[in-house]
Amino acid sequence: MRTNFEDQRRDLVKRLVREGYIRSKLVAKAFSKVPREKFVPPRYREYSYYDTPLPTLKGQTISAPHMCAIMCEELDLKPGDFVLEVGTGSGYHAALCAEIVARSGDEKRGHVCSIEIDKDLTKFAYENLKTSGYDLDVSVVCGDGSFTPPFRYKFNKILVTAAAPRIPNRLLESLEIGGTMVIPIGTEFMQELSVVIKRRDGVIVMSAGPCVFVKLRGVDGFSY
Ligand code: SAH
């Protein structure tokens with residue numbers, strides 16, 4: 001077993017670039033900075049840099065690195081962006097987003113707000129973000145992200161990291177005109193990773209390919 005996580009992280013970034021999942025410098029830098037091992041439960045830590053989903057708590061998972069890379073690239077994250085994530089899980093994907101939107105620009109400092117429906121996972125994510133030093137750039141909220149109360153401000157990027165039957169209306173309302181949402185849409189078993197662009201006159205939805213996520217719960221998710 002290799003224990004040097006920094007070497008393993010470097011190898012994973014090279015692999016994701018070679019395989020075409022990472023296409024931009026900002027995403028490559030985020031992956032080489034965020035320590036995935038600090039977001040994985042201790043018993044799975046040795047697998048932190050395998051390109052696979054890993055268990056978190058209560059049958060939920062932390063997405064595979066290549067899926068996080070695809071979503072970050074499709075969102076076209078930039079320094080200064082205001083990001084809403086639904087499904088904090090371990091907090092890893094939120095930290096990747098924070099690295100890009102809040103740590104990459106000289107002046108523009110964006111922020112990530114992440115919603116998690118499960119109390120224990122909210123606590124798990126909060127602790128992981130604190131240990132890895134991302135707690136000031138990511139706010140974690142416990143609640144139903146499929147049916148959020150209206151926010152006082154809108155986000156220009158939204159990512160949903162659980163499978164939804166349709167685009168939740170409340171989330172679309174929280175997205176700025178011109179903003180992008182990436183969300184897996186389909187059945188409980190298989191989805192299309194959908195890239196939604198909100199325009200003044202409606203939405204454009206494109207597919208970034210098939211995917212499999214754990215299901216979104218809550219009012220606009222799959223009933224539980
Ligand atoms: N982005 C995470 C992985 C998410 S797994 C990471 O980087 O680790 C999907 C998560 O969505 C699970 O933790 C699950 O509890 C949460 N979830 C499911 N339905 C939700 C909802 N309606 N609102 C907020 N979180 C939800």
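Every number for a ligand or one of its atoms is a count from 1 in the order of the listing.
- When only interatomic distances are considered, the shortest N/O to N/O separation between E85 and ligand 1 falls below 3.5 Å.
- At least one donor-acceptor pair closer than 3.5 Å links the side chain of S207 to the backbone N or O of G209.
- Those atoms of ligand 1 with a heavy atom of I62 less than 4.0 angstrom away are 8 (O).
- Taking every non-hydrogen atom of V214 and a distance limit under 4.0 Å, the qualifying atoms of ligand 1 come out as 5 (S), 9 (C).
- Taking CD of E74 as the start and CG of L193 as the end, the distance is 7.0 Å to the nearest 0.5 Å.
- Tested against E85, the residues V138, V160, L159, I158 include a single side-chain contact (heavy atoms from CB on, under 4.5 Å) partner, L159.
- When the heavy atoms of C68, G89, S90 are ranked by distance to atom 8 (O) of ligand 1, first place goes to S90.
- Between F31 and Y92, the angle of the ring planes goes over 60°, which puts this pair in the perpendicular group of the 30/60° scheme.
- In terms of protein heavy-atom proximity, atom 7 (O) of ligand 1 is nearest to H93 N, 3.1 Å.
- The protein non-hydrogen atom at the shortest distance from atom 19 (N) of ligand 1 is R217 N, 2.9 Å.
- In this structure the side chain of V34 reaches within 4.5 angstrom of the side chain of F39, judged on heavy atoms.
- Partner of L77 under the side-chain contact (heavy atoms from CB on, under 4.5 Å) criterion, chosen from C72, S24, S104: C72.
- Heavy-atom neighbours of F151 CZ from other residues, nucleotides or ligands within 6.0 Å: above the threshold of 12.
- With rounding to the nearest 0.5 angstrom, the SG atom of C113 is 13.0 Å from the CG atom of D137.
- Within the 4.0 Å heavy-atom cutoff, G221 does not count among the residues contacting ligand 1.
- The N/O atoms of D118, backbone and side chain alike, include none that comes under 3.5 Å of an N/O atom in ligand 1.
- At the shortest separation from atom 3 (C) of ligand 1 among protein heavy atoms lies T61 O, 3.3 Å.
- Regarding atom 25 (N) of ligand 1, its nearest protein heavy-atom neighbour is I117 N, 3.1 Å.
- For atom 15 (O) of ligand 1, the closest non-hydrogen atom on the protein side is E116 OE2, 2.6 Å.
- Less than 4.0 angstrom separates some heavy atom of G145 from each of these atoms of ligand 1: 21 (C), 22 (N), 23 (N), 24 (C).
- In summary, the atoms of ligand 1 found under 4.0 Å from a heavy atom of I115, numbered by their order in the structure, are 24 (C), 25 (N).
- For ligand 1, the polar-atom distance check against D144 finds a nitrogen or oxygen pair separated by under 3.5 Å.
- R36 contributes atom CZ, which lies 13.5 Å from atom OG of S132 (distance to the nearest 0.5 angstrom).
- Atoms of ligand 1 found under 4.0 Å from any heavy atom of G143, numbered from 1 in the order shown, are 23 (N), 24 (C).
- The shortest contact between atom 12 (C) of ligand 1 and any protein heavy atom is with Q60 OE1, 3.3 Å.
- In the displayed structure, Y49 atom OH is contacted under 6.0 Å by more than 12 heavy atoms of other residues, nucleotides or ligands.
- Of all protein heavy atoms, the one lying nearest to atom 1 (N) of ligand 1 is G87 O, 3.0 Å.
- E116 places a side-chain N or O within 3.5 Å of a backbone atom of G89 that can act as its donor or acceptor partner.
- No heavy atom of L159 sits closer than 4.0 Å to any atom of ligand 1.
- Ring centroid separation for the pair F155 and Y153 comes in under the 6.0 Å cut-off.
- Both the backbone and the side chain of L216 come within 4.0 Å of ligand 1, counting heavy atoms alone.
- Within ligand 1, counting atoms from 1 as listed, the ones closer than 4.0 Å to a heavy atom of L121 are 13 (O), 15 (O).
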